[in-house]
2 protein chains.
Amino acid sequence: MAEPKPPAAKRPTMKQVAARAGVDVSLVSRLLNDDPRLSIAPDTRRRVMDAVRELGYRRNLTARSLRTSRGLMVAFLLPEFTNPVYSRIVAGAHRRAASLGYAVMLSELDDTDAEDMRGHQARGVDGVLLAAGNLEDARIAELCGGDLPVIAVNRQIPGSRRWAVVDYGLGGRLAAEHLRELGHRRVGVLTGPGRFDSDGSRVRGFADALGDAVGGEDPPVVVADGLTPDDGLRAGAELLARHPEVTAVFATTLMLGVGLLRAASEAGIAVPGELSIVSLHDVDLARFMSPPLTTVAMPMVELGAAAFDQLLAVIDGQDPEPTVMTQPPVLVRRASTAPPRKERR
Amino acid sequence: MAEPKPPAAKRPTMKQVAARAGVDVSLVSRLLNDDPRLSIAPDTRRRVMDAVRELGYRRNLTARSLRTSRGLMVAFLLPEFTNPVYSRIVAGAHRRAASLGYAVMLSELDDTDAEDMRGHQARGVDGVLLAAGNLEDARIAELCGGDLPVIAVNRQIPGSRRWAVVDYGLGGRLAAEHLRELGHRRVGVLTGPGRFDSDGSRVRGFADALGDAVGGEDPPVVVADGLTPDDGLRAGAELLARHPEVTAVFATTLMLGVGLLRAASEAGIAVPGELSIVSLHDVDLARFMSPPLTTVAMPMVELGAAAFDQLLAVIDGQDPEPTVMTQPPVLVRRASTAPPRKERR
DNA sequence: TCGTTTGACCCAAACGATTGACCTGGCGAT
DNA sequence: ATCGCCAGGTCAATCGTTTGGGTCAAACGA
């Protein structure tokens, strides 16, 4: 039953490469890292490279990491694996990291506390990307406490320079302008808890752009308990019940929009006939809702990549500016928005 | 501009702990690993533990890994970050891994080839979970080629014992029974490319359970090019066009079902009025479609955990049986299925 | 009384790479 | 002739743990 199980033919080491090429291992190391202070005879270089190829040699990164205390790894902590918006950030960070030789460890921030950070540090992780969307401020402070570089992603941190965000103010504007152009005058906002959108840019951008056109009055805002579709459903239902006058709602993140759509459907409100919905963040999913959701696409993949770059700078001992993505958001018109046709009720 | 940047106060080493407790480092190591051959005076043990606490000591896993050649890490390779079904597998594997002290590196199988495996190996990864849903057989073989343990997850591999799956046969049955009970007699199947569902269990389970009730004739099957909602949309449209007689469709994975729903909507076919849809895999998303999708929930989170356990066994030199989740799937009735009411067309 | 067993520890060699500090032989300049 | 220098290498210490082999005294059995 048990297969013979070959002895696993230990991978070749640098020593073997050196022996085969007839040189010292230090030379091999220097060559492979192209150490600036080294000059190597072309012939020797070839012999070494041949040996590397013939043996199929790869550096043992564990050993290297032990010596250099650079693990070439970063951790990406996120509150839940299933939010597609985070998935895009992860995808961006991962792609960039991989292209620079870094690996990405994923962790769910479950009941994880600061201990987890130290665990990562013990593993040789060089830095951490913290998708902090729905974390408490205190929690974030706690997580940033260690001496491991941390960048908060998609969330601004008041006292710190270690964060990377997209320009939600602009995103909000775009959504507002769209609704305004369609002719909506009574609009509502569905957003996440205060710790989310902590700087208020999403709502403010929206309200500002709307302001002059609708009489300067701030739109009614309902705050959900979290960022899941269920949260959106509950808060959405509340919004619709409390503000029957609104003809359009701006959801500050996609999953809330998704929940709102259901709330409308359960309340028998036609979208976009009686209610228009526009939400931030465009992912595939939005196209497949009924009706397909109009969204404002924010450059989340690029954010992931930029956040990684920022983290790398910190790791290298620099003190980079916080990242704000300049790449403009784009409005994706779909079927969930239309001119206000008739009053509800 | 550049902050002073504290010298980063190197983390304490075992040597320091040993010094502070007045013992040899080997003793500390043995104690911390509770080495069986060790007996330690209670007093000494306390001194060491105190030193550990006072210094806030954590083992350096890199060094340990170098010595033991066990990295306490696994890699999870998946074709795309955005598929929520994979996310659940990842979540399950991650949770289990974390509870056993393992970290999980995530990689997108982009243009990744076998080289990537060797990269992971060089990093000290102990094994790989390969979410292989839509990979070619050849590709998988290539990836399993190295001497790093690999478990294919959610995909059966013909010649191998290294895979973990849920019981899609049962899932298919359940879907079929549901449609049969509702009274459907002309049903279609929407599935992924052959490499997906390679053993055909999803479709076969469905067809078998249907067989006797609908005259033994196999249902029409349309095969999508991939597993994204877009693939489902295209193939779904084709299915609806080619088989106008069907009153219900079974989608073998959620994203195809989502695409199909849109195809129906675009074709002006009412769901569930004119067409019932049931799909495998239940994730939050399904509840928020319009109409909410009836699904067969497969234990994907548990699959992730079990696959990790299997991988661990292989890492430990055992030759475990392939994993087949016994936990039964459960039918989640929602609004996308109903008795056939009227003929389409 | 003299082994022999234990209990409680210590020594030092790995693991595989990196890196500052040497060598060495030849060549051009003084 | 001598010196310095440079290209082209080598030596050996080090990163922080693990682990196979001791050591050394106290306890024990005969």
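Letters A, B, ... mirror the listed sequences (proteins, then strands); counts begin at 1. Computed over heavy atoms, backbone and side chain alike; hydrogens, waters and symmetry mates excluded. Since the model is a prediction, treat every value here as computed from it, not as a measurement.
B:Pro299 pairs by the side-chain contact (heavy atoms from CB on, under 4.5 Å) definition with B:Val166, B:Glu302, B:Met325, B:Gln327, not counting sequence neighbours. Applying the side-chain hydrogen bond (donor to acceptor under 3.5 Å, both in side chains) rule to A:Arg45 yields no partners; only residues at least two apart in sequence or on another chain are considered. By the side-chain hydrogen bond (donor to acceptor under 3.5 Å, both in side chains) test, B:Tyr57 pairs with no residue at all, sequence neighbours left out. In terms of the side-chain contact (heavy atoms from CB on, under 4.5 Å) criterion, residue partners of B:Pro320 (sequence neighbours excluded) are, by chain and number, B:Arg162, B:Gln310, B:Ala313, B:Val314, B:Gln318. Residues meeting the side-chain hydrogen bond (donor to acceptor under 3.5 Å, both in side chains) test with B:Asp43, sequence neighbours left out: B:Arg47.
Evaluation of the ring-ring contact (aromatic ring centres under 6.0 Å, His included) test over residues 73-109 of chain B, restricted to residues two or more places apart or in two chains, returns A:Phe81-B:His94, A:His94-B:Phe81, B:Tyr102-B:Phe308. Sorted by first and then second residue, the salt bridge (charged side-chain N to carboxylate O under 4.0 Å, His left out) pairs involving residues 60-84 of chain A (not counting sequence neighbours) are A:Arg70-A:Asp316. Applying the ring-ring contact (aromatic ring centres under 6.0 Å, His included) test to pairs two or more places apart or on separate chains, none has a residue in residues 131-156 of chain B. Applying the salt bridge (charged side-chain N to carboxylate O under 4.0 Å, His left out) test to pairs two or more places apart or on separate chains, those with a residue in residues 304-314 of chain B are B:Arg96-B:Asp309.
Look at CG on A:Leu72: it is 10 Å from P on C:dT18, rounded to the nearest Å. Rounded to whole Å, the distance from CG on A:Leu55 to C1' on C:dG16 is 15 Å. Atom P of nucleotide D:dT19 and atom CG of B:Leu32 are separated by 13 Å, given to the nearest angstrom. Look at CG on A:Asn33: it is 17 Å from P on C:dG16, rounded to the nearest Å.
A:Arg123 and B:Asn60 share no side-chain donor-acceptor pair at under 3.5 Å.
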For nucleotides 24-27 of chain D, tabulate all protein N/O to nucleotide N/O atom pairs closer than 3.5 Å, reporting atom names and distance.
none

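In this structure, B:Arg30 contributes its side chain and B:Leu38 its backbone to no donor-acceptor pair below 3.5 Å.
At a non-hydrogen distance threshold of 4.0 Å, B:Arg37 from residues 36-45 of chain B come into contact with DNA chain D.
Using a 4.0 Å heavy-atom distance criterion, B:Asp35 is classed as making no nucleic acid contact.
With a 3.5 Å ceiling on both atom-pair distances, the Watson-Crick or G-U wobble partner of D:dA30 is C:dT1.
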Task: Per-nucleotide protein contact string for nucleotides 11-16 of chain D, where B marks a base within reach and S marks sugar-phosphate only (heavy atoms under 4.0 Å, - for neither) - done: BBBBBB
